[in-house]
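Here is how names work: the chains are called A, B, and so on, in the same order as the sequence lines, proteins then strands, and each is numbered from 1. Since the structure is predicted, the reported quantities are computational estimates derived from the model, not experimental observations.
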Amino acid sequence: MTADTTGVQTETTSASETNTTTQTSSNFIKTIINEDLKNNKNGGRVQTRFPPEPNGYLHIGHAKSICLNFGLAKEYPGGKCNLRFDDTNPTKEDVEYVDSIQEDVRWLGFDWENRLYFASDYFEKLYGFAVELIKQGKAYVCSLTGDQVREHRGTLTQPGKDSPDRDRSIADNLDLFARMRAGEFADGTYTLRAKIDMSSPNINMRDPAVYRIRRFHHHRTGDAWCIYPMYDFAHCFSDMLEGITHSICTLEFEDHRPLYDWFLDQVKVPCHPQQIEFARLNLSYTMMSKRKLLELVKTQTVAGWDDPRMPTIAGMRRRGYMPESIRAFCEAIGVAKANSMVDMGLLESCVRDELNKHAQRIMAVVKPLKIVIENYPEGKVEEVDGINNPEDPTAGSRKIPFSREVYIDQDDFREVPPKGYYRLSPGKEIRLKFAYYITCQKVIKDEKTGEIIELRCTYDPASRGGTTADMRKVKGTSHWVSAQHAVEAEVRLYDHLFSTPNPAEAEDWKSILNPKSLEVIHNCKVEPGMRNAVAGTRVQFERTGYFCVDSDSKPGKPVFNRTVGLRDTWAKIEKFQKG
RNA sequence: UGGGACGUCGCCAAGUGGUAAGGCACCUGCCUUUGGAGCAGGUAUUCCCAGGUUCGAAUCCUGGCGUCCCAGCCA
């Protein structure tokens, strides 16, 4: 929810009193746009674009750009944001990616309406601009090989040398360029280059390539072209053709801005978009390079682009993240020009925050420990009322079966309780949430291994529902599942894919893969209502974490992905105690 | 030692000459049938460093230091 143009925040009518009106914070791009608006620079228009190359799945870094570009369009009256595929390199691109990208942008909650564009739609016009450049003597066909171009380019501290073809006649350039398009030359034999300045301190201005010959089937234009424009040339003209006012990109393109402006300055154009650069997102413990993510997929290090450990939008969706969480995260991190590394904890906090408001609570025991309640009648079954979501009264309640034998989590019992532990231990009383108080009477162990296999307890019949008339304090509360009613489930626990905070720095990412990034647990016990849970359903396992039903689930055999754990104060205390 | 950027609390980040927002994390209490959530409070005498201008500087000037990006016929 955004503030309206008068600056008055919209009142929420939501039943929960949570404040969902967020004052979107200021950033340098808004300052620029405000200034432009004040000066009526683009006739009061604000038009941005999100320009992905369809060569991989979108990741959380793209989400930052999507939220920025579409968010700006939403925030300014009449603002628009286009979705444009920057598909100028057919060797790396694929329709699988153009489809997934659209799905992901939509899922994130953004709409490009009828403004879906492809740079490849502009190939004919782009060719025309190139011809125009040649006619003005500002571009030439160069026959240098890749190695020779590199040698001629000079270095960071030394100027380059002119190509021997630099002064080719306009007529010859026109002829050669037409023949390049016609397919008369082999790949790599010629390029079209802009004639700028081989001694420029900005290497991008040293006669950059504009077109290269590449016989490769394009996912949209098929085999219509064998020459393809370079990014610098295609991007600025695409922006111009769409009437983009603010062309927002990442920091590494800062050096390209003079070139962006140069191209647009050479031809007569109706508008000249302004390129603005911001710092891309870096997230601790994750890798954002599309090349490396593709490698993870190809080597089957992960199960696919949508593996819940991947930083992709598809992965996060499968993991159980809500689009609202990702948007909140992108708002929280801000937009600036300083290179930075955002703590994964912030993302997780945004994920919990949203799920806390919406996820239904259920009883689920991930690592079961059996309890027999000796004074509870055999064969008796009661139904207790479970509150579905304490944060949302409208979510109501449900009936949960209770019986003589129940499972609790192994973590909720300690034979020798450490200091400060107030869960179950021999002789101690705790509450089984929504049900009864129980007291541990006996610990049964495997004679050979010494492993605790069962607990014998007694219950207080007067504590039904979880309170007693004497109002005695029972601090510990455990979740539980009735043994005879339990549904067996598979649970997948995820941890960081990488074991170091900045995987991008590693010389070999394979060496820093976290071997415990996925832990699969079978024979988990969940309450009967989850028997045929629909894939994509997000729930909270009481006291444990948020989980999402995975698409691998079968009827009667649900599979849950742990989206994120609950904040665990006790784990922190215990960790501190152990040093 | 070419060019382009950036340096404000542990991590992000506002601030644009008038006396350091906010979020995450952290620390106190309170509350609690989730050791969850919620509520209340606390945490930068100081903005990379050093000089200077000014009544007044994170903001302006000068000089340092540090970090990032650029030598694809990738985007």
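- Under the Watson-Crick and G-U wobble criteria, each requiring two contacts below 3.5 Å, nucleotide B:rG51 is paired to B:rC61.
- Between A:Ala336 and A:Pro390, the residue anchored closer to the 5' end of RNA chain B is A:Ala336, taking for each the nucleotide with the nearest heavy atom.
- Close to B:rG35, at under 4.0 Å from its OP1 or OP2, lies a side-chain N or O of A:Arg543.
- With its glycosidic angle within 90° of 0, B:rG72 adopts the syn conformation.
- In the set B:rA14, B:rG7, B:rU34, the nucleotide with an atom closest to the side chain of A:Glu542 is B:rU34.
- Per the geometry, CD belonging to A:Glu331 stands 11 Å off P belonging to B:rA14, to the nearest Å.
- One interatomic measurement links the two molecules: CD of A:Glu348 to P of B:rC11, which rounds to 18 Å at whole-angstrom precision.
- Rounded to whole Å, the distance from CG on A:Asp409 to C1' on B:rG36 is 15 Å.
- No cation-pi contact links A:Arg193 to A:Tyr140, judged by a cut-off of 6.0 Å to the six-membered ring centre and 45° from its axis.
- The gap from the C1' atom of B:rA20 to that of B:rU43 amounts to 14 Å, rounded to the nearest Å.
- Classified by interplanar angle (parallel below 30°, tilted 30° to 60°, perpendicular above 60°), the ring pair A:Phe177/A:Tyr127 is parallel.
- Pairing for B:rG66 is with B:rC6, a Watson-Crick or G-U wobble pair whose two hydrogen-bonding atom distances lie under 3.5 Å.
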Protein-nucleotides 46-48 of chain B N/O pairs under 3.5 Å:
none

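- Between the side chain of A:Tyr422 and the base of B:rG35, a donor-acceptor pair under 3.5 Å is found.
- Residue A:Asn69 comes nearest to A:Thr48 through the heavy atom pair O-OG1, 2.9 Å, listed as atom of the first residue, atom of the second, then distance.
- Taking A:Tyr321 as the reference, nothing meets the side-chain hydrogen bond (donor to acceptor under 3.5 Å, both in side chains) condition, with sequence neighbours excluded.
- Straight-line distance from the CH2 atom of A:Trp570 to the P atom of B:rU32: 21 Å, rounded to whole Å.
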Checklist entry - Between A:Val539 and A:Ile362, is a side chain to side chain contact (heavy atoms under 4.5 Å, CB included) present by the stated rule, with each step listed? => result CA-CA 7 Å; A:Val539 295; A:Ile362 67 159; 4.1 Å; yes
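- If you check every strand for non-hydrogen atoms under 4.0 Å, A:Gly476 touches nothing.
- Per the geometry, CG belonging to A:Asn356 stands 14 Å off C1' belonging to B:rU32, to the nearest Å.
- The separation of B:rU53 from B:rG3, taken at their P atoms, amounts to 30 Å, rounded to a whole angstrom.
- In this pair, A:His62 and A:His59 present their aromatic rings tilted. The plane angle is within the 30 to 60° band.
- Base-pair partner of B:rG22: B:rC12 (Watson-Crick or G-U wobble, both distances under 3.5 Å).
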Checklist outcome for this item: Whether each nucleotide of nucleotides 69-75 of chain B has a protein heavy atom under 4.0 Å at its base (B), only at its sugar-phosphate (S) or at neither (-) is summarised, 5' to 3', as BBBSBSB
Next on the checklist: Using the rule given for side-chain hydrogen bond (donor to acceptor under 3.5 Å, both in side chains), can you reason through A:Glu96 versus A:Tyr57, listing the C-alpha separation, both sets of side-chain angles and the distance that settles it, and then say yes or no?
Outcome noted: CA-CA 9 Å; A:Glu96 177 193 354; A:Tyr57 277 59; 2.9 Å; yes
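- Summarising the geometry, the separation between CD on A:Gln275 and P on B:rG4 is reported as 16 Å, rounded to the nearest angstrom.
- Using C1' as the reference atom, B:rC48 and B:rG66 are 7 Å apart when rounded to the nearest Å.
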Checklist outcome for this item: Per-nt protein contacts along nucleotides 20-25 of chain B (heavy atom under 4.0 Å; B base, S backbone sugar-phosphate only, - none) come out as ----S-
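- Nucleotide B:rG29 has B:rC39 as its partner under the Watson-Crick or G-U criteria, with both atom distances under 3.5 Å.
- Ring pair A:Phe216/A:Tyr228: centre-to-centre distance not below 6.0 Å.
- Taking atom P in both B:rU34 and B:rA21, one finds a spacing of 36 Å when rounded to whole Å.
- Of the C1' atoms belonging to B:rA13 and B:rA50, the separation is 27 Å, rounded to the nearest Å.
- Between A:Phe263 and A:Phe233, the ring-plane angle classifies as perpendicular under the 30° and 60° cut-offs.
- Atom CZ in A:Arg280 sits roughly 18 Å away from atom C1' in B:rC12 (whole-Å rounding).
- Look at the C1' atom in both B:rA14 and B:rA58: the space between them is 12 Å, to the nearest Å.
- When each of A:Ala435 and A:Lys337 is assigned the nucleotide of RNA chain B with its nearest heavy atom, A:Lys337 is the one assigned upstream, toward the 5' end.
- Aromatic ring orientation, A:Tyr459 versus A:Tyr436: perpendicular (interplanar angle above 60°, classes split at 30° and 60°).
- If you measure from atom NZ of A:Lys433 to atom P of B:rA37, you get 13 Å, rounded to the nearest angstrom.
- Closest to the side chain of A:Ala338, out of B:rG7, B:rG4, B:rG35, is B:rG7.
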Checklist entry - Can you check side-chain hydrogen bond (donor to acceptor under 3.5 Å, both in side chains) on A:Thr145 and A:Asp147, steps first, answer last? => result CA-CA 5 Å; A:Thr145 64; A:Asp147 285 342; 5.3 Å; no
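- Taking atom C1' in both B:rC74 and B:rC65, the straight-line distance is 35 Å, to the nearest Å.
- If you check B:rU34 for Watson-Crick or wobble pairing at under 3.5 angstrom, you find it has no partner at all.
- The residue A:Thr467 sits close to a base: some heavy atom pair falls under 4.0 Å.
- Using a 4.0 Å heavy-atom cutoff across all strands shown, A:Thr569 reaches sugar-phosphate atoms only and no base atom.
- Pairs engaging residues 283-295 of chain A under the salt bridge (charged side-chain N to carboxylate O under 4.0 Å, His left out) rule: A:Arg291-A:Glu295, A:Glu295-A:Lys510 [sequence neighbours left out].
- Comparing the P positions of B:rU59 and B:rG2 gives an interatomic distance of 27 Å, to the nearest angstrom.
- When only modelled atom types and interatomic distance are considered, A:Arg431 and A:Thr477 share a side-chain donor-acceptor pair under 3.5 Å.
- If you check distances only, the side chain of A:Glu391 does reach the base of B:rG36 with a donor-acceptor pair under 3.5 Å.
- Screening residues 336-350 of chain A for side-chain hydrogen bond (donor to acceptor under 3.5 Å, both in side chains) gives A:Glu254-A:Lys337 as the qualifying pairs, with residues at least two apart or on separate chains.
- Figure legend: cation-pi geometry between A:Arg352 and A:Tyr546 absent, as NZ or CZ is not positioned both under 6.0 Å from the six-membered ring centre and within 45° of its axis.
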